[in-house]
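What's counted below: heavy atoms across the whole structure, side chains too, no hydrogens, waters or symmetry copies. The chains referred to below are lettered A, B, ... by the order of the sequence lines, with proteins before strands, and numbering in each begins at 1. None of the values given here were measured: they were computed from a predicted structure.
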There are 2 protein chains.
Amino acid sequence: MSSKFSEKSEELYDEACDAKHAGRPRCPVAHRNILQAARDLVAEVGFAGLTIEGVAARAGVGKTTIYRRWPNKSSLVLDAFFEDISPPAGFADTGNVREDIRRQMRKLVKELNGPTGCKIATLLANGQFDKDMAEAFRARWIEQRRAEARDVVKRGIAQGEIRRDVDPDVLVDALYGPIYFRLLSGHAPLTPAFADALTDLVLSGLDD
Amino acid sequence: MSSKFSEKSEELYDEACDAKHAGRPRCPVAHRNILQAARDLVAEVGFAGLTIEGVAARAGVGKTTIYRRWPNKSSLVLDAFFEDISPPAGFADTGNVREDIRRQMRKLVKELNGPTGCKIATLLANGQFDKDMAEAFRARWIEQRRAEARDVVKRGIAQGEIRRDVDPDVLVDALYGPIYFRLLSGHAPLTPAFADALTDLVLSGLDD
DNA sequence: CAATAACGAAACGTAGCGTATCGTAAATAA
DNA sequence: TTATTTACGATACGCTACGTTTCGTTATTG
């Protein structure tokens, strides 16, 4: 574990607050306030506009307190974000895998159209400039969702709804990739109609 | 034309060098040196690590000269990049649209695997923090390529290789989206095998 | 030769980063 | 109780890079 990010924000908190040692313990209220302030400010001014000093001011803590707990801005924002959003997508299980996928795609588009989409785009973009950030984002957002989707695809193959020779990884990318691409490039809107058309297009011809 | 970016870098150059006015003209050598230095430095230290002062030093010009010609870092890097890379993809025309697409997909993957891919990822990411940058990137990279691909798809529809009810925009996104997504997220490598598998998967079931 | 405009060098004000110092507050340990 | 340890907020600091301004110089037009 060489990442400068904690896997979960609690770890970082517990690590310091486990109270095995003497001395004043870290204030849990400050912890919460900092993360909340970070969330608010990312929503208000975006990642680029967010400053540690701003977070400190809004959270009512000293800048020092933040640097005592997080090594830098990226790590703070990441923790703030995932404390809120981490629970993965959640596919339905109607018995019809194609229908499950269709619903999930609509749900994802809807989610990415809101503030979550803004944050995801920001984190993904920031990953280009920060390797640890990229890795943490992959582990905590992308891979969790890909794994879930892959399982659904495998279920589809097992049930005979999807051809056996389809590579689940490629299919999952074919479904999700265009959505994230639109999210990032903004060349066309993320509409439910797009989700449907994309799902139909990708799934057509994959019958067993 | 409200963008702070010139559509083509020559415009910006000519605009000032058209020499209709009195006074010393802008030095074209400096222009070239600046763009070259910017290209070199982006490759060496990345967009985030690039500084205007660094470009000026390497180009052997004053910082002022750069600010006289470009309003900011983004705009300079964008011009530097597109002076080098702008010519769009170039589809083959074998008569078989599916084959044309397949070849194009392999070519794109190969290109994005190299330094161009690094630059594209950087520009796309930076677009999240800079609206003008995002728009310029869409106009000068994405839309040019999308338009070309859309035409090929339409040709495929006209020739009866692709179903008439397929939306060319959606199909183009289905092909390209996953590639750019992998480029940005890095969750899986951009291999020729992926290009082939993706193309097959997306095009299967779209027969007329 | 006068007017104009770009040139490089340098200094400037601003912003935000991440660090260091300090006196104070809250916990444990003797 | 008292000493020790650690976090706290405030403040100051050094640093980097931005984008601007000033200034004396150089090149071009008329």
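Taking atom CD1 of B:I34 as the reference point, atom C1' of C:dC7 lies 11 Å away to the nearest angstrom. Taking atom CG on A:N33 and atom P on D:dC8, their separation rounds to 12 Å, with Å as the unit. One can place CD1 of A:I66 at 12 Å from P of D:dA10, the figure rounded to the nearest angstrom. In this structure, A:R68 places its CZ atom 15 Å from P of C:dC22, rounding to the nearest Å. The distance from atom NE2 of B:H31 to atom C1' of C:dC7 is 16 Å, rounded to the nearest whole Å.
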For residues 40-53 of chain B, please give each side-chain donor-acceptor pair under 3.5 Å, one per line with the distance, not counting sequence neighbours.
from  : atom 1 : to    : atom 2 : distance (Å)
B:D40 : OD1    : B:Q36 : NE2    : 3.0
B:E44 : OE1    : B:R58 : NH1    : 3.4
B:E44 : OE2    : B:R58 : NH1    : 3.4
B:E44 : OE2    : B:R58 : NH2    : 2.9
B:T51 : OG1    : B:G54 : N      : 2.9
B:E53 : OE2    : B:K63 : NZ     : 3.1

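Legend: residues meeting side chain to side chain donor-acceptor pair (under 3.5 Å) with B:D196, ordered by chain and number and at least two apart, are B:R106. Checked against side-chain contact (heavy atoms from CB on, under 4.5 Å), B:A92 has the following partners two or more places apart in sequence or in another chain: B:T94, B:D100, B:R103. When the side chain to side chain donor-acceptor pair (under 3.5 Å) test is applied to B:D165, the partners found at least two apart in sequence or on another chain are B:R163.
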Between the protein and nucleotides 4-6 of chain D, which nitrogen or oxygen pairs are less than 3.5 angstrom apart?
from  : atom 1 : to    : atom 2 : distance (Å)
D:dT5 : O2     : A:G23 : N      : 3.2
D:dT6 : O2     : A:R24 : N      : 3.0

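One finds a salt bridge joining A:R102 and A:E99 here, because a Lys/Arg side-chain nitrogen approaches an Asp/Glu carboxylate oxygen to under 4.0 Å.
Annotation: cation-pi pair A:R138/A:W141 absent, no NZ/CZ under 6.0 Å from the ring centroid and within 45° of its normal.
Under the 3.5 Å distance criterion, with hydrogens and angles disregarded, no donor-acceptor pair is assigned to the side chains of B:H31 and B:R26.
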Checklist entry - What string of B, S and - do you get for nucleotides 11-21 of chain D, 5' to 3', if B is base contact, S is sugar-phosphate-only contact and - is no contact with any protein heavy atom under 4.0 Å? => result B-----SBBBB

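Taken to the nearest 0.5 Å, the CZ atom of A:F91 stands 8.5 Å off from the CG atom of A:L108.
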